[in-house]
Amino acid sequence: MPTPFKRDVKTRALYQEPAPHIDKDNPFQSMMERFDVAAELLELDTGLYDVLRSPSRIHITSIPVVMDDGRLRVFEGYRVIHSEVLGPSKGGIRFAPDVHVDEVKALAAWMTWKCAVVGVPFGGAKGGVTCDPSTMSAGEVERLTRRYTANLIDVFGPDKDIPAPDMNTNEQVMAWLLDTYSMHARRTETAVVTGKPLLIGGSEGRREATGRGVMTTTLAAMERLGMRASQATVAVQGFGNVGSVAAKLLREQGCKVVAVSDVSGGYYNADGIDIDAAAAYAAEHDRSLAGFDGAEPLTNEELLALDVDVLAPCAKENQITAENAGDVKAKIVAEGANGPTTPEADAILNENGVLVIPDILANAGGVTVSYFEWVQDRQGYFWSADRVNRRLDRMMRGAFNRVYDAAETYDTSMRIGAYVIAIEKVAGALKMRGIYA
Ligand SMILES: NC(=O)C1=CN([C@@H]2O[C@H](COP(=O)(O)OP(=O)(O)OC[C@H]3O[C@@H](n4cnc5c(N)ncnc54)[C@H](OP(=O)(O)O)[C@@H]3O)[C@@H](O)[C@H]2O)C=CC1
Ligand SMILES: O=C(O)CCC(=O)C(=O)O
């Protein structure tokens, strides 16, 4: 079995004096650590370095919402546009209690690199609102979404900035966003948002696209390592849009999915979990697996340390850390989530020969089908699920191979290989557009 790429250690701080303090839980710093390694490998011009590390614009907005009990509450919302160099900016919106501006900045930059890695003609953006939707009624979430959209009406637009779903947002939230934008525009503008319902211009395959990309890249990694899907065991952390679909599709490819989890904890069955039953259970229980009896309970920490072939973290940032990376026994880590592995954990996984399919590649299926959705909306011509999935698989395979080859060429990890491809592309476009003029 070939050894995964080893060299992934930053040796000197070329670009910043003094070297920045790295707060290991700050996603933007964690993104920058990887960016620095790739920039150094590319000997990136320091001026370009400064442009690429800085978000183009950060919008922060106060969102007053009348709650069901009549009280007025004010939520804080963000939209960070990291880059528009390759096209209109693109990226999801998340609603979560721990959303903060540094997280959204990191997620926006990851969108820029992700779009460049898979080759979709978008820049990067991300949005978020600090709120806990699990404690809010549908009416409260709708009012929050509509006010957030209205406050950012000049930011969004099919040729400017195009949102999509992320954690705790879904097709319904995208439908409210579309409707609010369209009310202000005085026309129905389907291409302003992706990940919306089929009935109002959504695409076949978008809901499953991120999990599908995780499946495709995992199979490509297995082939490179000489592993067979029919003999592989898998553990998936997070059972939302990304995790549940990745689990289902890997199961369909013959893998045995022995563990899944959500915030209620992990669920383990050595004979393989019935993913359809787990998904049906979660759908009936307010999205939660709590009480699912097709498996034994285990903690999320225990799930990460299971003796499986593939570990797919599909929940949130900073799950594989310096503290637990040494316990990871999987041969492949497929990052369905954004930023699930800290830089310190990366070094440990690399040292232990684990092949990490980085987030900006593994979870890029979502934005790829979002691109297809945007194209279809603009053409007013809609594709079959089969066409969407074939094109998605082709793009994800192509991107996987380019990243794998870049990692070999630079004798580095797939993560740094992916950053190298992305930075080269965005920096090349910047130069071509004459940023220095
Ligand atoms: N949706 C998309 O198209 C894309 C999403 N991503 C990324 O994938 C990740 C998941 O997004 P998505 O599936 O859309 O989000 P969802 O909100 O649909 O699902 C998130 C899942 O993670 C679980 N979870 C949250 N915290 C933990 C934890 N500490 N331990 C275990 N499970 C946890 C949630 O559990 P519970 O439901 O119980 O809260 C839920 O099952 C995020 O990082 C997102 O940025 C990346 C690309 C595209
Ligand atoms: O589909 C999109 O436009 C973006 C999805 C997203 O937010 C992500 O890839 O992290």
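Numbers here simply count residues along the sequence, with the first being 1. Given the structure is predicted, the values throughout are model-derived calculations rather than measurements. As the structure lists them, so they are numbered: ligands from 1, and atoms in each ligand from 1. The basis for the numbers below is simple: all heavy atoms, side chains too, and nothing from hydrogens, waters or symmetry mates.
- Looking only at distances, a side-chain donor or acceptor of Ser261 sits under 3.5 Å from a matching main-chain atom of Gly238.
- The option with the heavy atom closest to atom 3 (O) of ligand 1, from among Thr210, Asn318, Asn363, is Thr210.
- A distance of 6.0 Å or more separates the ring centres of Tyr181 and Phe156.
- With a 4.0 Å cut-off on non-hydrogen atoms, Arg206 touches ligand 1 through its side chain and not its backbone.
- Interface atoms of ligand 1 facing Ala315, defined by a heavy-atom separation under 4.0 Å, are 9 (C), 10 (C), 22 (O), 24 (N), 27 (C), 32 (N), 33 (C), 42 (C), 43 (O).
- Of the inter-residue distances, the one linking Glu171 atom CD with Asn241 atom CG reads 9.0 Å to the nearest 0.5 angstrom.
- Atom numbering of ligand 2 starts at 1 in the shown order; those under 4.0 Å from a heavy atom of Lys114 are 8 (C), 9 (O), 10 (O).
- Taking atom 41 (O) of ligand 1 as the reference point, the nearest protein heavy-atom neighbour is Phe239 N, 3.0 Å.
- At a 4.0 Å heavy-atom cut-off, ligand 2 touches Asp166 through the side chain alone.
- At a heavy-atom cutoff of 4.0 Å, ligand 1 is contacted by both the backbone and the side chain of Asn338.
- Pairs passing the salt bridge (charged side-chain N to carboxylate O under 4.0 Å, His left out) check and including a residue from residues 386-400, sequence neighbours excluded, read Arg212-Asp393, Glu223-Arg397, Asp386-Arg390.
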For this session: Apply the test side chain to side chain donor-acceptor pair (under 3.5 Å) to residues Ser137 and Asp68: give CA-CA distance (whole Å), side-chain angles for both, the deciding distance (0.1 Å), then the verdict.
Result: CA-CA 8 Å; Ser137 69; Asp68 290 348; 2.6 Å; yes
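- The contact set between ligand 1 and Asn300, taken as ligand atoms under 4.0 Å from a residue heavy atom, comprises 30 (N), 31 (C).
- The residue Val369 has no part lying near ligand 2, judged by heavy-atom distances below 4.0 Å.
- Taking every non-hydrogen atom of Lys90 and a distance limit under 4.0 Å, the qualifying atoms of ligand 2 come out as 2 (C), 3 (O).
- Regarding atom 36 (P) of ligand 1, its nearest protein heavy-atom neighbour is Val263 CG2, 3.5 Å.
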For this session: Run the numbers on Glu204 and Arg206 for salt bridge (charged side-chain N to carboxylate O under 4.0 Å, His left out), then give the verdict.
Result: CA-CA 6 Å; Glu204 293 285 355; Arg206 174 59 185 89; over 6 Å; no
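- Looking from atom 37 (O) of ligand 1 to the surrounding protein, the closest heavy atom is Arg287 NH2, 3.3 Å.
- Remark: ligand 1 and Val242 share an N or O pair separated by less than 3.5 Å (distance only, no angle test).
- For the side-chain hydrogen bond (donor to acceptor under 3.5 Å, both in side chains) test, residues two or more places apart in sequence or in another chain that qualify with Arg94 are Glu103, Asp166, Glu317.
- Taking any N or O of Ser261, backbone or side chain, none lies under 3.5 Å from an N or O belonging to ligand 1.
- Geometrically, ligand 2 and Met111 share no nitrogen or oxygen pair separated by less than 3.5 Å.
- Residue Lys126 has no N or O atom closer than 3.5 Å to an N or O atom of ligand 1.
- The nearest non-hydrogen atom to atom 21 (C) of ligand 1, considering only Gly339, Ser134, Gly213, Gly240, comes from Gly240.
- Close contacts between ligand 2 and Val367 involve ligand atoms 1 (O), 2 (C), 3 (O) [criterion: under 4.0 Å to a heavy atom].
- The environment of CZ in Arg147 is sparse: at most 12 heavy-atom neighbours from other residues, nucleotides or ligands sit within 6.0 Å.
- With a 4.0 Å cut-off on non-hydrogen atoms, Asn241 touches ligand 1 through its backbone as well as its side chain.
- For atom 44 (C) of ligand 1, the closest non-hydrogen atom on the protein side is Asp166 OD1, 3.2 Å.
- Contact annotation for Cys314 and ligand 1: only backbone heavy atoms (N, CA, C, O) come within less than 4.0 Å of the ligand.
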Problem set entry | Candidate pair Ser203 and Gln376, rule side chain to side chain donor-acceptor pair (under 3.5 Å), full reasoning | CA-CA 8 Å; Ser203 175; Gln376 293 169 74; 3.0 Å; yes
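- Of the possible polar contacts, one joining the Asn363 side chain to the Gly336 backbone as a donor-acceptor pair under 3.5 Å is found.
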Exercise. Going through the distances and angles, do Asp405 and Arg402 end up as a salt bridge (charged side-chain N to carboxylate O under 4.0 Å, His left out)?
Worked result: CA-CA 5 Å; Asp405 292 347; Arg402 286 193 298 278; over 6 Å; no
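- Side-chain N or O atoms of Asp161 include none that pairs as donor or acceptor with a backbone N or O of Pro88 at under 3.5 Å.
- Shown in contact with Ser370 at under 4.0 Å from a heavy atom are these atoms of ligand 2, numbered in order with element: 1 (O), 2 (C), 3 (O).
- Within the 4.0 Å heavy-atom criterion, the part of Arg206 lying near ligand 2 is the side chain and not the backbone.
- Scanning the protein heavy atoms around atom 23 (C) of ligand 1, the nearest turns out to be Gly238 CA, 3.9 Å.
- At least one N or O atom of Asn168 sits closer than 3.5 Å to an N or O atom of ligand 1.
- In this structure, Phe35 has its ring center no closer than 6.0 Å to that of Tyr419.
- Side-chain N/O atoms of Glu76 and Ser62 include no donor and acceptor closer than 3.5 Å.
- Of the possible donor and acceptor atoms, none in the side chain of Lys331 sits under 3.5 Å from a partner among the backbone N and O of Leu355.
- When non-hydrogen atoms are compared, ligand 1 lies under 4.0 Å from the side chain of Arg94 (C-beta onward) but not from its backbone.
- Interface of Gly92 with ligand 2, defined as ligand atoms under 4.0 Å from a residue heavy atom, comprises 4 (C), 6 (C), 7 (O).
- Distances from ligand 2 to the non-hydrogen atoms of Gly366 include at least one value under 4.0 Å.
- Set against the non-hydrogen atoms of Lys126, the atoms of ligand 2 under 4.0 Å away are 6 (C), 7 (O), 8 (C), 10 (O).
- When atom types are taken as modelled, the side chain of Lys329 and the backbone of Ala305 share a donor-acceptor pair closer than 3.5 angstrom.
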For this session: Show your reasoning for whether side chain to side chain donor-acceptor pair (under 3.5 Å) applies to Glu301 and Thr299.
Result: CA-CA 5 Å; Glu301 277 298 309; Thr299 64; over 6 Å; no
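- Within the 4.0 Å heavy-atom shell around ligand 1 one does not find Ser288.
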